[in-house]
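Source: prediction; values computed, not measured. No hydrogens, no waters, no symmetry mates; every other heavy atom, side chains included, goes into these values. Atoms within a ligand are numbered from 1 in the order they appear, just like the ligands themselves.
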Amino acid sequence: MPDIIVSDDGAVRTLRMNRPEKKNALTLSMYEGMAEAIEGAAARDDLRCLLIVGHETGFCAGNDIGDFVEMTTSGALGAPILRFLHALNRSEKPLVAAVAGRAVGVGTTMLLHCDHVVAAEDAMLSTPFVALGLVPEAASSLIAPRLMGHARAFELLVMGRPLTATAAKAAGIVNTVVAAAELESAALAAAREIAALPPHAVAASRRLMRGAQAQIDGHIEAEAEAFRKRLVSPEAKAAFAAFLNKKK
Ligand code: COA
């Protein structure tokens with residue numbers, strides 16, 4: 001099975017992260033697959049909504065930390081990561097997500113680009129960037145303070161305190177919290193509801209609501225610049241080694 005499964009059903013394209021044995025930690029090829037699926041939908045008039053799902057045991061454990069270690073020697077932030085983040089920002093199709101279990105790092109920040117998020121009761125969102133010696137990414141340092149105010153965004157992005165599904169709803173990231181067994185059907189129903197609306201009116205409304213795409217693109221790049229510097233820092237290297245050695 002591929003680690004990103006893309007399937008089209010009527011007007012809804014589903015992107016499923018499928019690396020459950022690693023809690024859906026994203027590798028460069030997975031970012032590539034997600035970016036391709038989002039970009040590829042742009043040219044398809046028949047596709048009107050994208051649905052991002054993970055696994056029932058975990059939405060996404062963030063960037064693969066082994067890949068981070070490789071980046072510390074290459075000094076480059078993988079191009080597929082930036083491609084994916086820009087694809088999220090530039091998507092003209094509405095984005096819906098279904099989150100169960102842990103959503104860590106980019107697993108949480110990708111949700112800030114979604115138009116509608118359904119969470120299972122056991123969902124837990126967290127962004128331990130700073131504890132890893134890193135800085136926030138995906139324009140989360142711009143979008144999260146706008147969404148929930150500086151103090152709550154600081155708690156999430158800098159202090160790394162997790163948000164339960166209910167807290168994520170209160171913070172404005174999550175729309176609905178449902179029982180785990182109902183998660184995918186509820187998210188699919190929301191995606192179909194959006195897909196049934198007049199698509200050009202949806203696209204125009206989204207553009208008006210999301211603010212300047214160029215500003216978000218610029219912020220993604222500025223964060224990436226800071227992220228590259230942090231990746232090779234002693235703080236980050238020590239944190240990656242601690243994670244990778246934890247079970248040895
Ligand atoms: N990168 C690489 N491998 C990861 C990973 C990541 N981000 N997240 C999980 N894994 C791997 C674990 O090393 C483990 O591999 P193993 O079975 O070969 O030992 C496997 O996935 C299962 O993870 P495990 O930690 O045993 O599951 P858990 O249910 O106890 O905890 C998490 C789940 C998500 C809380 C925990 O794995 C975690 O904290 N992951 C790191 C998250 C992170 O910091 N991401 C980067 C954000 S910027």
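For ligand 1, one of its N or O atoms has an N or O atom of I65 under 3.5 Å away.
Near F129, meaning under 4.0 Å from one of its heavy atoms, ligand 1 places the atoms 48 (S). Heavy-atom contacts of F243 reach the following atoms of ligand 1: 3 (N), 4 (C), 5 (C), 8 (N), 9 (C), 10 (N), 13 (O), 38 (C), 40 (N), 41 (C) (cutoff under 4.0 Å). In the vicinity of L132, heavy-atom distances shorter than 4.0 Å reach the ligand 1 atoms 44 (O), 46 (C), 47 (C), 48 (S). Atoms of ligand 1 lying under 4.0 Å from any heavy atom of A25, numbered from 1 in the order shown and given with element: 1 (N), 5 (C), 6 (C), 7 (N).
For the residues G66, A61, G62, A239, the heavy atom positioned nearest atom 45 (N) of ligand 1 is part of A61. Among R19, K23, K22, the residue whose heavy atom lies closest to atom 23 (O) of ligand 1 is K23.
Only the side chain of R102 comes within contact range of ligand 1, with a heavy atom under 4.0 Å; no backbone atom does. The proximity of V104 to ligand 1, defined as any non-hydrogen pair under 4.0 Å, is limited to the side chain. Proximity of K246 to ligand 1, defined as any heavy-atom pair under 4.0 Å, is confined to the side chain (atoms from C-beta onward). Contacts of N63 with ligand 1, taken as heavy-atom pairs under 4.0 Å, involve the backbone alone.
Sorted by first and then second residue, the ring-ring contact (aromatic ring centres under 6.0 Å, His included) pairs with a member in residues 145-182 read H150-F154; sequence neighbours excluded. Judged as a ring-ring contact (aromatic ring centres under 6.0 Å, His included), the pairs with a partner in residues 8-44 (not counting sequence neighbours) are, in order, Y31-F84.
Residue contact check for ligand 1: E21 places a non-hydrogen atom closer than 4.0 Å to it.
Two different hydrophobic clusters hold I194 and L88 under the rule that ILVMFWY side chains link at heavy-atom gaps under 4.5 Å.
With respect to the salt-bridge test (charged N to carboxylate O, under 4.0 angstrom), the residues E39 and R90 do not qualify.
F68 and F240 have parallel rings, their planes meeting at less than 30° on a 0 to 90° scale where 60° marks the start of perpendicular.
In this structure, the side chains of I38 and R13 stay at 4.5 Å or more apart for every pair of heavy atoms.
Between P94 and D115, the shortest heavy-atom contact is CA-OD2, 3.2 Å.
A side-chain contact (heavy atoms from CB on, under 4.5 Å) with S140 holds for exactly one of T108, L157, L147, V135; it is L157.
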